[in-house]
Number of protein chains: 2
Amino acid sequence: MTSYGKQKRLLVAVDCIIFGFDGQDLKVLLIKRGFEPEKGNWSLMGGFVQPEESFEDAASRVLKQLTGLEDIYMEQLYAFSRPTRDPIERTASIAYFALLDINQYHRQQLRHEFHAEWFSLSQMPELIFDHTEMITMAKEKLRYKAAIHPILFELLPQKFTIPQLQLLYEGVYETDFDKRNFSRKILSLKLLVKQKDKEKESSKRGAFYYKLDKRRYNANFHSFLNFIAKPHNLK
Amino acid sequence: MTSYGKQKRLLVAVDCIIFGFDGQDLKVLLIKRGFEPEKGNWSLMGGFVQPEESFEDAASRVLKQLTGLEDIYMEQLYAFSRPTRDPIERTASIAYFALLDINQYHRQQLRHEFHAEWFSLSQMPELIFDHTEMITMAKEKLRYKAAIHPILFELLPQKFTIPQLQLLYEGVYETDFDKRNFSRKILSLKLLVKQKDKEKESSKRGAFYYKLDKRRYNANFHSFLNFIAKPHNLK
DNA sequence: GCAAAAGTGTTAATTATACACCCATGT
DNA sequence: ACATGGGTGTATAATTAACACTTTTGC
């Protein structure tokens with residue numbers, strides 16, 4: 001026995017929702033699709049799963065192809081499978097979302113072949129297939145997960161300031177936090193190590209840099225932050 | 001253009017992790033696999049995705065095939081894709097987990113063809129392929145999700161008592177809760193409607209039945225319960 | 001010297017935890 | 001009358017939320 005015979009096989013692709021943070025807004029990296037159908041239209045970066053690779057491998061390959069980056073935080077989002085989602089031929093897509101330091105990407109970025117651009121979540125162009133739905137779901141999951149796990153650090157450079165971190169959280173949750181409560185909450189996690197130097201671009205006084213304590217970060221990855229806004233419908 | 005040509009297609013299956021609660025332990029429904037390879041070994045219920053159905057459709061079909069039940073709570077768990085996970089031929093599997101009232105199943109259960117049996121999570125037999133991993137992940141996700149969303153009601157009959165509900169939560173989290181705090185927390189959600197009749201099997205005094213307030217349940221599905229045990233590693 | 005952002009402390013409100021007794025009923 | 005499980009209240013601790021002033025420094 002070397003196959004399951006008459007069962008129908010199908011194409012499987014991966015698509016990557018690549019998040020970055022520019023200091024102000026949460027952004028997603030999109031490309032201009034390079035082949036038919038929908039050639040030239042905005043799309044997530046994706047690719048077909050190859051015979052020897054897992055979906056995770058495929059997603060990492062696709063991410064590297066676009067950004068040149070490896071060892072990026074990535075997580076499976078959802079398997080999209082509406083039979084008609086691709087008009088040419090049935091293709092399922094396993095969506096992954098990735099969080100990266102947008103500056104890393106800038107440094108790497110020499111590949112114009114994909115015509116990639118960062119878009120704010122509030123200014124998304126029309127996208128092919130079900131990619132808009134994918135991004136909506138990714139954003140939800142990011143919020144959900146970041147409320148409980150300290151993953152947003154993946155969007156910042158190695159050294160960052162508390163005000164930068166707060167702007168990031170505020171961007172992700174589209175809300176404002178009280179800076180006293182915010183820094184107390186963040187620092188109470190004991191995940192951050194204060195540096196001696198300051199970031200002096202965005203203020204005269206300057207803000208101290210912090211770095212992640214990698215040991216504690218890995219150990220405490222399951223810590224809870226609880227940034228989830230409480231629902232007000234529990235009357 | 002009617003196909004993507006040279007790209008390799010692959011088999012895609014779905015597997016269902018079907019949870020039930022017998023009043024004491026959280027259980028999973030397993031079958032004896034009916035075809036090669038691994039014929040006769042314990043396995044999750046699964047099936048190949050057909051050309052005209054989404055993964056969700058396939059999972060519902062498979063669930064109905066085994067249990068006869070429809071409109072069951074089901075959620076995509078994860079896409080498993082290790083190229084060699086099935087020794088015969090590459091087959092990816094999209095795992096879904098389902099929560100059902102075990103009594104519904106008993107009532108329905110006339111199909112012996114699958115040799116299905118309920119197993120406690122602590123007494124799982126050896127399973128084919130990566131099915132053990134799937135169940136482990138499903139259990140984690142169930143805990144994770146149930147800490148935040150009131151989904152465990154899906155495992156109980158329409159009418160249930162607070163002590164039954166507490167046993168369920170205790171089973172899922174493998175811990176004990178204080179019954180005063182438990183009932184206060186649950187009732188504070190205002191999702192339950194007290195009935196006039198009592199369940200008299202498990203005690204002389206009898207315990208009042210409750211029903212879900214479906215309206216509030218649907219509206220407040222995103223409420224937070226926070227049964228997650230706090231980690232003690234945040235010193 | 002003043003504008004702009006960084007940094008820090010206290011109080012009140014809410015929520016979570018710990019804990020013990022009375023109640024109803026079948027035997 | 002007693003054993004069994006059901007049901008409830010209160011006091012304390014922990015956490016979260018609200019809020020305002022001082023510091024630094026480049027201009």
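FYI, side chains are in, hydrogens and waters are out, and symmetry mates aren't considered; it's all heavy atoms of this structure. In this text the structure is predicted, and so the values were computed from the model without any measurement. Quick note on labels: first sequence line is chain A, next is B, and so on, each numbered from 1.
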- [ ] Take the protein atom CD of B:Gln195 and the nucleotide atom P of D:dG7, then report the distance between them rounded to whole Å.
- [x] 13 Å
- [ ] Take atom CG of A:Leu189 and atom P of D:dT15, then tell me their distance rounded to the nearest Å.
- [x] 12 Å
TODO: Provide, to the nearest angstrom, the distance between the NZ atom belonging to B:Lys198 and the C1' atom belonging to D:dG7.
DONE: 9 Å
- [ ] Between A:Asp178 and B:Gln164, just flag the one whose closest nucleotide in DNA chain D comes earlier from the 5' side.
- [x] B:Gln164
TODO: Over 60° means perpendicular and under 30° means parallel, so classify the ring planes of B:Phe19 and B:Phe97, tilted if in between.
DONE: perpendicular
TODO: Search all heavy atoms of A:Gln195 against all heavy atoms of A:Phe208 and return the closest pair with its distance.
DONE: O-CD2, 3.5 Å
Task: Nearest-angstrom distance from the residue atom CD1 of A:Ile186 to P of C:dG7 - done: 14 Å
Open item on the list: Could you tell me how far apart A:Arg180 (CZ) and C:dA5 (P) are, to the nearest whole angstrom?
Closed with: 17 Å
Open item on the list: Please determine whether a side-chain nitrogen or oxygen atom of A:Lys200 lies at a distance below 4.0 Å from atom OP1 or OP2 of D:dG26.
Closed with: yes
- [ ] In whole angstrom, give the distance that lies between atom CD of B:Glu199 and atom C1' of C:dT25.
- [x] 14 Å
Open item on the list: Applying salt bridge (Lys or Arg N to Asp or Glu O under 4.0 Å) to A:Arg180 and A:Asp178, what does each step give before you reach the verdict?
Closed with: CA-CA 6 Å; A:Arg180 290 161 291 189; A:Asp178 179 278; 3.0 Å; yes
Task: Toward the 5' end of DNA chain C, by each residue's nearest nucleotide, A:Lys194 or A:Ser203 - done: A:Ser203
Open item on the list: Suppose we call a contact any N or O donor and acceptor under 3.5 Å apart; does that hold for the side chain of A:Asn181 and the base of D:dA18?
Closed with: yes
Open item on the list: Just the rounded figure in Å: distance from P of D:dG7 to OH of B:Tyr209.
Closed with: 12 Å
- [ ] Ignoring the backbone of A:Phe208, work out which of D:dG7, C:dG7, D:dG5 is nearest its side chain.
- [x] C:dG7
Open item on the list: Between A:Lys179 and A:Lys204, which residue's closest nucleotide on DNA chain C lies nearer the 5′ terminus?
Closed with: A:Lys204
Task: Closest listed nucleotide, where the reference is the side chain of A:Lys185 and the choices are D:dA17, D:dG6, C:dA6 - done: D:dA17
Open item on the list: What's A:Thr161 touching, base or sugar-phosphate or nothing? Going by heavy atoms closer than 4.0 Å.
Closed with: nothing
Open item on the list: Between the side chains of A:Glu133 and A:Arg82, is the shortest nitrogen-to-carboxylate-oxygen separation below 4.0 Å, so that they form an ion pair?
Closed with: no
Open item on the list: From CG of B:Leu165 over to C1' of D:dG7, roughly how many Å is that when rounded to an integer?
Closed with: 15 Å
TODO: Indicate, yes or no, whether a donor-acceptor pair under 3.5 Å links the base of D:dG7 to the side chain of B:Arg184.
DONE: no
Open item on the list: Between A:Ser60 and A:Asp57, is there a side-chain donor-acceptor contact under 3.5 Å, judged purely by atom types and distance?
Closed with: no
Task: Heavy-atom donor-acceptor pair, B:Arg205 side-chain to C:dA24 base, under 3.5 Å - done: no
